[in-house]
Every structure is written in structure tokens, then in C-alpha cells.
Amino acid sequence: AEQAEEAAREAGDALLEGEALRLRGEAYERLDDHDRALSAAQQALAIFEAQEAIPHQVRARISLGRVLLAQARYDDALDHYVPAYELIEETDDRWHERVLRNNTAVVHLCRGDLPRALEDAMYSLKLCVEFGDLAREGDNATVIGIVYLELGQLEQAQHYLDEALAIHG
């Protein structure tokens, strides 16, 4: 990723440099190096904002929020997810909205806002079905199943958890 960043700088391609930084952040996230993941994603976001590159900003904000979510920093995650929603509304970018709603469903679940978690997970599930994103369908079915479990609606919980297991099993 660092070579890609350098090549992008040499070519004068700010968007490519930002994307390389964002991807480096995702690599650090997978290595559980949250500080470097946040730093890389924040640098990418700054580049994308300077370039007024809305789709890139959305991806960077989703990356930042995901790292913060993994650290149980829910309010901080929402500080990136809420502006991402605003950008998605401008562009009607339902592809990225499916990811964003899945992530915010988890935030709301962890914060105990079960109705909102259910609403976001259901909508994300709908979008995932439309786009054929089977893996994220399973993720959403899991979140929905957990919410129903928390609500004491055991039959609905079992239905969605069985669906998730069928996908991920």
C-alpha cells in the first residue's frame, strides 16, 4: 500500500493516494492495529474531502466507523456514520448504504436501541438481497436474530439465526 501511495503522489493523483491510504487502513484494521488504521483512514478522508469526492468520503467514513465500532467507541463511530448517511442521501448510493446500515444496526444493538437496530438491519438485509450480497445477508440475519432474542421473540429469532447459519454454515 505504501508503494501505491508513493506512486500516486508521484503521478499527482490525490484520489488514488487517498484510496491507497484507505486500503492501508483496512489492512491495519484486519491486523488489529486500530491506531494506524484510524490514522490512515483519517488521512484518506482528508484527501477525499479536499477533492470533494463524495463516494470516496463515504467509503472512508465507513472504514473509520468500523474501526471505532470494533473498539466499542459507538458515539465516535456514529460521528462518521451520520455524515456518511447525509452523503449517501445526496447520491442515492444504495450499494454503500447496505454496508452503512449493517454497521449502524450493530452500533444501535450495542447501545441497546433495539428498534433502531432492527430497522437498520432489516433495511440493510433488503438491500443485500437486491444486490445479491449473500455474506452480508447472513450478517444482517444474525443481527436481526439477536435483536429478536433480546426482545423475547424467540420464534422470529430462531428463524433469522437459522437463516444466518444456512448462509454462513
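Numbering of residues begins at 1 and proceeds along the displayed sequence.
Between the side chains of N102 and N140, at least one donor-acceptor pair of N or O atoms lies under 3.5 Å. Checking E29 against S63 by side-chain atom types alone, no donor-acceptor pair falls below 3.5 Å. One side chain, T104 or Y85, offers a donor N or O that lies under 3.5 Å from an acceptor on the other. Looking only at atom types and distance, the side chain of R59 has a donor-acceptor partner in the side chain of H56 under 3.5 Å away.
A heavy-atom distance below 4.5 Å is found between the side chains of V147 and L151. R98 places none of its side-chain heavy atoms less than 4.5 Å from the side chain of Y123. With a 4.5 Å cut-off on side-chain heavy atoms, L118 and Y148 count as touching.
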Before giving the answer on side chain to side chain contact (heavy atoms under 4.5 Å, CB included), spell out for D75 and R111 the whole-Å C-alpha distance, their side-chain angles and the decisive distance to 0.1 Å. CA-CA 9 Å; D75 291 337; R111 293 176 73 190; 3.1 Å; yes
For the pair R30 and E26, evaluate side chain to side chain contact (heavy atoms under 4.5 Å, CB included) and give the outcome as yes or no after the intermediate values. CA-CA 6 Å; R30 284 172 177 75; E26 287 192 8; 3.4 Å; yes
Full working for side chain to side chain contact (heavy atoms under 4.5 Å, CB included) between M122 and K126: CA-CA 6 Å; M122 287 286 205; K126 175 183 175 278; over 6 Å; no
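Remark: R22 engages E19 in a salt bridge, criterion side-chain N to carboxylate O under 4.0 Å. Salt-bridge check for E119 with R116: failed, with every basic side-chain N at 4.0 Å or more from each acidic carboxylate O. Salt-bridge annotation for R61 and E49: present, with a side-chain N of the basic residue lying under 4.0 Å from a carboxylate O of the acidic one.
A side-chain donor-acceptor contact under 3.5 Å links Y81 to the backbone of R66.
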